[in-house]
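Everything below concerns the one structure shown next.
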Amino acid sequence: MPYGRRSGRARVSGRDDAGRLSAAELGTGLGERATLVQFSTAFCAPCRATRRVLGEVAAMVPGVAHVEIDAEARLELVRALGIVKTPTVLVLDARGTVVRRAAGLPRKADVIAALGEAV
């Protein structure tokens, strides 16, 4: 399936029910300043590239954590957040509030810019 023009671009989360995600919901702790949450599936090629980009950004910015969630194993969370394709990336602030989300392979510059809003 070809990716569209907006694929990978971070946008403000427009979902009121997205709210906050806790460490318990994620299955791991939140980052001190921000958390990059990636929803992936096993056979998703762009998910591997997204993992690399988010890992690099998390290593560059102190206090930022990268959490990868297997979408197939966490269907209840996928449905609650309205995740419809992988990879989907959520940018959370220090309290776990979703401030940005992007579907598709994000560019490193876009991830850094989205983090600027979360930190």
Side-chain angles (χ1 to χ4, degrees):
M1 170 192 246
Y3 286 96
R5 220 174 42 162
R6 295 182 53 195
S7 181
R9 294 209 179 152
R11 60 184 170 82
V12 175
S13 178
R15 297 180 56 89
D16 292 334
D17 59 344
R20 288 187 184 163
L21 292 173
S22 67
E25 289 172 308
L26 294 177
T28 187
L30 294 169
E32 184 180 305
R33 297 175 65 199
T35 306
L36 301 170
V37 180
Q38 173 185 348
F39 286 87
S40 301
T41 52
F43 299 104
C44 167
C47 293
R48 290 188 292 275
T50 299
R51 179 183 311 118
R52 182 183 48 79
V53 169
L54 298 182
E56 289 173 5
V57 171
M60 283 175 23
V61 183
V64 173
H66 171 223
V67 177
E68 187 170 4
I69 295 175
D70 180 1
E72 295 175 72
R74 300 291 308 276
L75 287 176
E76 76 291 343
L77 190 56
V78 166
R79 288 183 185 118
L81 294 170
I83 307 294
V84 294
K85 73 185 232 180
T86 58
T88 292
V89 177
L90 304 178
V91 179
L92 311 180
D93 64 13
R95 297 174 315 193
T97 304
V98 179
V99 294
R100 291 274 181 184
R101 70 186 286 148
L105 175 62
R107 295 180 318 146
K108 187 185 282 191
D110 291 337
V111 174
I112 293 169
L115 273 176
E117 199 172 306
V119 231

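Index from 1, following the sequence.
How far SG of Cys47 is from CD of Glu68: 7.0 Å, rounded to the nearest 0.5 Å. Note that the CZ atom of Arg51 and the CD atom of Gln38 stand 6.0 Å from one another [nearest 0.5 Å]. Here the CG atom belonging to Leu105 is positioned 11.5 Å from the CZ atom belonging to Arg48, to the nearest 0.5 angstrom. Distance check, rounded to the nearest 0.5 Å: CG of Asp70 to OG1 of Thr86 gives 9.5 Å. Note that the OG1 atom of Thr35 and the CG atom of Leu90 stand 10.5 Å from one another [nearest 0.5 Å].
Across all non-hydrogen atoms, the minimal contact from Val99 to Glu117 is O-OE2, 3.9 Å. Closest non-hydrogen pair, Ala114 versus Arg100, comes out as CB-CG, 3.9 Å. The shortest non-hydrogen separation linking Pro87 to Cys44 is CD-SG, 3.7 Å.
One hydrophobic cluster, built from ILVMFWY side chains closer than 4.5 Å, cannot hold both Leu75 and Ile83; they sit in different ones. Taken together through direct or relayed side-chain contacts under 4.5 Å among Ile, Leu, Val, Met, Phe, Trp and Tyr, Met60 and Val64 form part of one hydrophobic cluster.
Results of the side-chain contact (heavy atoms from CB on, under 4.5 Å) test with Leu21 over Thr97, Val67, Leu81 single out Leu81 as the only residue that passes.
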Check: Run the side-chain contact (heavy atoms from CB on, under 4.5 Å) check on Leu36 and Val91 step by step: do they pass?
Finding: CA-CA 5 Å; Leu36 301 170; Val91 179; 3.9 Å; yes

Next item on the list: Run the numbers on Val119 and Val61 for side-chain contact (heavy atoms from CB on, under 4.5 Å), then give the verdict.
Entry: CA-CA 10 Å; Val119 231; Val61 183; 5.6 Å; no

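Considering only heavy atoms from C-beta on, Val98 stays 4.5 Å or farther from Val37 through its side chain.
The backbone N or O of Thr41 lies less than 3.5 Å from no partner atom in the side chain of Glu72, so there is not a single donor-acceptor pair. Although no hydrogens or angles enter the test, the distance criterion places no donor-acceptor pair under 3.5 Å between the side chain of Arg101 and the main chain of Thr88. Under the 3.5 Å distance criterion, the side-chain polar atoms of Glu25 are matched with a main-chain donor or acceptor of Ser22.
Within a 6.0 Å sphere centred on CD of Glu32, other residues, nucleotides and ligands contribute 12 heavy atoms or fewer.
Scanning for side-chain contact (heavy atoms from CB on, under 4.5 Å) contacts around Val89 gives Thr50, Leu54, Pro106, with sequence neighbours left out.
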